[in-house]
Amino acid sequence: MEILVAVIGLAGALLAAFAAGALIRRMRDEPEGWLIAWTVAAVGVCLSLGVIAVGYLMGFGPVTFRLYQVTGSMLAPLWLAVGMIQLLAERVPPRFLAWLMGIALTIVAGTIMIFDPLKSTDLGKTLPAGSAVWGLVPGFLLIGVHAIAVLIMLAMAVVAALKWRSGDEYDTDNLHASLVIFPSGIALVGAMRFAVPPLFTTVLLAVTGAAIWYVVLRPLAPYEDDDEDDFDERQEAPVRQESPMPVGERAQRGRRAVPEPVPAADLPPAQPRRPTGLGDLVAEYRAGDQQVDYAARMVPPADAGPATGYIMNGAPPQQAPPQPQGAPPQRGDLGMPSQHGDHGMPSQRADYAMPPTPPPPGPATGMLYSGSDLFSPPQPQPQPQPQQQAGGGKPSPNIYGLLTVFTIMDGAGEAFDRLAEATVEAVRRGEPDTLVYACHAVKSAPLQRIVYELYRDEVAYRDHQRQPHVERFVNERQSMVLATNVIELNVNAAKVVPLPTVMF
């Protein structure tokens, strides 16, 4: 029997050593809290099983007994419980308190168990029971550590089950891991706490090491990228991703966001301004994935009428068709009576005035009519009214749309929603050319937010990007967002009415 226990102990020590090695290799790329805690537990199980193998071959002494108890009876169950908190807790305070408790108990209990006198030092080659050898203080300390570990593991198993009921595959994996670690830890505490056959205790220690290795290799394994799926997704929509801060693979819930480098020489020319994040991302997409002739897009069609939205410095004005005799002079931009006399140049609008620089890239906008309607006789102008889309009409081809999917960090949902609400309110009050600006929560993915945007044209979108509240939204969301997916849209058909609101 002694040889069998020694062989099982040696095999279990090797298994736990492989588990600890796998955890350490994983930590180099993904320094997660649960990996650190379970590495300590795996090392404790490995040392405890190694001491059992040596003790059954050469005999136990005070040093081997203390090492076996400190590692197998105290470190292993305690840090299994701490690891479950690190895996399942979504906020920083419980994780920090778990670290504080685990380190404090390890230092205090470990010091007392190492230096407190033993009741007996004549142990022999049989695995001794802790209650028969420990003094009063170490015995009560172990009872407290075991009680705390059992309560924590039980509570975390319940939390994992509750998260699984309304979660995704990430929560399913966490429940799978919890259902493996929880019974293994409880069985280990029972074997160390009560008088059981030494063979049974050794087997349970080996099973605990195998359980740690299993959850790292199976339910909590890193998510793998599927190149074919990513290729298909890129074919369906021009999606770009960014990752503002390095995080662990499991913290990203398997949604990897790898930025694609874009050479600076390939970016289209634009007016100097501070980067705002979302607009730069769209520009990079266009420069990197599509061949666009921006110079050609800046030239309006010959039959589209005069371009507006910016002043063409030094450009000759387009000649309007002959007007009926006695008709008031017409403006070349909007077909309205000029207030500055008939001098052959379009009137300059103060709200569209730009510095004397080349016009920005993108199609000319601001044309409300086309063809001969530009030069129709003036009509009495009614008071401005909200524009309504006529029944059966087709949306303007100049409408510019974006769909942005944000994957936010655990615990940052409320802060992101508050920031988004403030931004939406500022857009509603100060951006008349922003047609739709809505932030959505995703019922099946609590860590995702979708922002849907429609603008009258690309000039309106660029003006939106320069607003102070938009720059604030881009800057402050960086600490809350793990990944951002941006999709450009064209509007083929639409019906837009004011959304119902509630009074607070």
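Every value quoted in this text rests on a predicted model; they were computed, and no experiment measured them.
If you take OG on Ser178 and CG on Leu154, they are separated by 11.5 Å, rounding to the nearest 0.5 Å. Between atom CG of residue Asp168 and atom OG of residue Ser444 there is a gap of 8.5 Å, rounded to the nearest 0.5 Å. A distance of 9.5 Å separates CH2 of Trp34 from CD1 of Ile181, quoted to the nearest 0.5 Å. Between the CG atom in Leu49 and the CG atom in Leu47 there is a gap of 9.5 Å [rounded to 0.5 Å]. Interatomic distance, OH of Tyr400 versus CG of Asp457, reported as 11.5 Å (0.5 Å rounding). Atom CG of Leu15 and atom OG1 of Thr208 lie 10.5 Å apart (nearest 0.5 Å).
Of all the heavy atoms in Ala177 and Leu87, the pair that sits closest is CB-CD2, 4.4 Å. For the residue pair Leu205 and Val45, the shortest heavy atom distance occurs at O-CG1, 3.2 Å. Shortest non-hydrogen contact noted between Cys439 and Arg449 is SG-CB, 4.4 Å. Closest approach of Gly72 to Met192, counting heavy atoms only: C-CE, 3.8 Å. A pairwise comparison of heavy atoms in Ala13 and Gly50 identifies CB-N, 3.8 Å as the closest pair. Residues Ala76 and Leu188 come closest through the heavy atom pair CB-CD2, 3.8 Å.
Here Phe182 pairs with nothing under the ring-ring contact (aromatic ring centres under 6.0 Å, His included) rule; sequence neighbours left out. Residues that satisfy the side-chain hydrogen bond (donor to acceptor under 3.5 Å, both in side chains) test with Arg95, not counting sequence neighbours, are absent from this structure. Contacts of Arg193 classified as salt bridge (Lys or Arg N to Asp or Glu O under 4.0 Å), with partners at least two apart in sequence or in another chain: none. Every residue two or more places apart in sequence or in another chain was checked for a side-chain hydrogen bond (donor to acceptor under 3.5 Å, both in side chains) with Thr71, and none qualifies. For the salt bridge (Lys or Arg N to Asp or Glu O under 4.0 Å) test, residues two or more places apart in sequence or in another chain that qualify with Glu476 are Arg472. Shown here are the side-chain contact (heavy atoms from CB on, under 4.5 Å) partners of Gln467, two or more places apart in sequence or in another chain: Glu431, His469, Val470. Every residue two or more places apart in sequence or in another chain that forms a side-chain contact (heavy atoms from CB on, under 4.5 Å) with Val491 is listed here: Pro395, Ile399, Leu454, Ala494. Contacts of Arg428 classified as salt bridge (Lys or Arg N to Asp or Glu O under 4.0 Å), with partners at least two apart in sequence or in another chain: Glu425. Contacts of Arg165 classified as salt bridge (Lys or Arg N to Asp or Glu O under 4.0 Å), with partners at least two apart in sequence or in another chain: none. When the side-chain hydrogen bond (donor to acceptor under 3.5 Å, both in side chains) test is applied to Thr106, the partners found at least two apart in sequence or on another chain are Trp79.
In this structure, Arg477 is positioned above the aromatic face of Phe473, its NZ or CZ under 6.0 Å from the six-membered ring centre and within 45° of the axis.
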N/O donor-acceptor pairs under 3.5 Å from side chains in residues 209-219, not counting sequence neighbours:
residue: Tyr214; atom: OH; partner: His176; partner atom: NE2; Å: 3.1

Show me the donor-acceptor pairs, under 3.5 Å and distance only, between side chains in residues 156-163 and residues at least two apart or in other chains.
residue: Lys163; atom: NZ; partner: Glu90; partner atom: OE2; Å: 2.6

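Within the 4.5 Å cutoff, the side chain of Leu78 has heavy atoms near those of the Met74 side chain. Looking at Val496 and Leu435, their side chains never come closer than 4.5 Å, going by heavy atoms from C-beta outward. Phe406 places none of its side-chain heavy atoms less than 4.5 Å from the side chain of Met480. Within the 4.5 Å cutoff, the side chain of Thr484 has no heavy atoms near those of the Thr407 side chain. Looking only at side-chain heavy atoms (C-beta outward), Tyr461 and Leu402 come within less than 4.5 Å of each other.
Between the side chain of His146 and the main chain of Gly190, no donor-acceptor pair closer than 3.5 Å is present. Checked by atom type and distance alone, the side chain of Thr39 pairs as donor or acceptor with a backbone atom of Leu35 at under 3.5 Å. The closest donor-acceptor contact from the side chain of Ser396 to the backbone of Asn398 lies under 3.5 Å.
No side-chain donor-acceptor contact under 3.5 Å links Trp38 and Gln86.
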Original post:
For Glu453 and Thr404, what are the C-alpha separation, side-chain angles and deciding distance, and is it a side chain to side chain contact (heavy atoms under 4.5 Å, CB included)?
Top reply: CA-CA 8 Å; Glu453 308 166 60; Thr404 309; 3.7 Å; yes
Original post:
Going through the distances and angles, do Ile408 and Leu482 end up as a side chain to side chain contact (heavy atoms under 4.5 Å, CB included)?
Top reply: CA-CA 5 Å; Ile408 59 178; Leu482 292 175; over 6 Å; no
**OP:** Could you please spell out the steps behind the side chain to side chain contact (heavy atoms under 4.5 Å, CB included) verdict for Tyr455 and Tyr437?
**Re:** CA-CA 9 Å; Tyr455 302 92; Tyr437 195 87; 3.8 Å; yes
**OP:** Test Val497 against Lys495 for side chain to side chain contact (heavy atoms under 4.5 Å, CB included), laying out the working first.
**Re:** CA-CA 7 Å; Val497 297; Lys495 174 189 176 183; 3.9 Å; yes
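Ion pairing between Asp410 and Arg91 fails under the 4.0 Å rule for side-chain N and carboxylate O.
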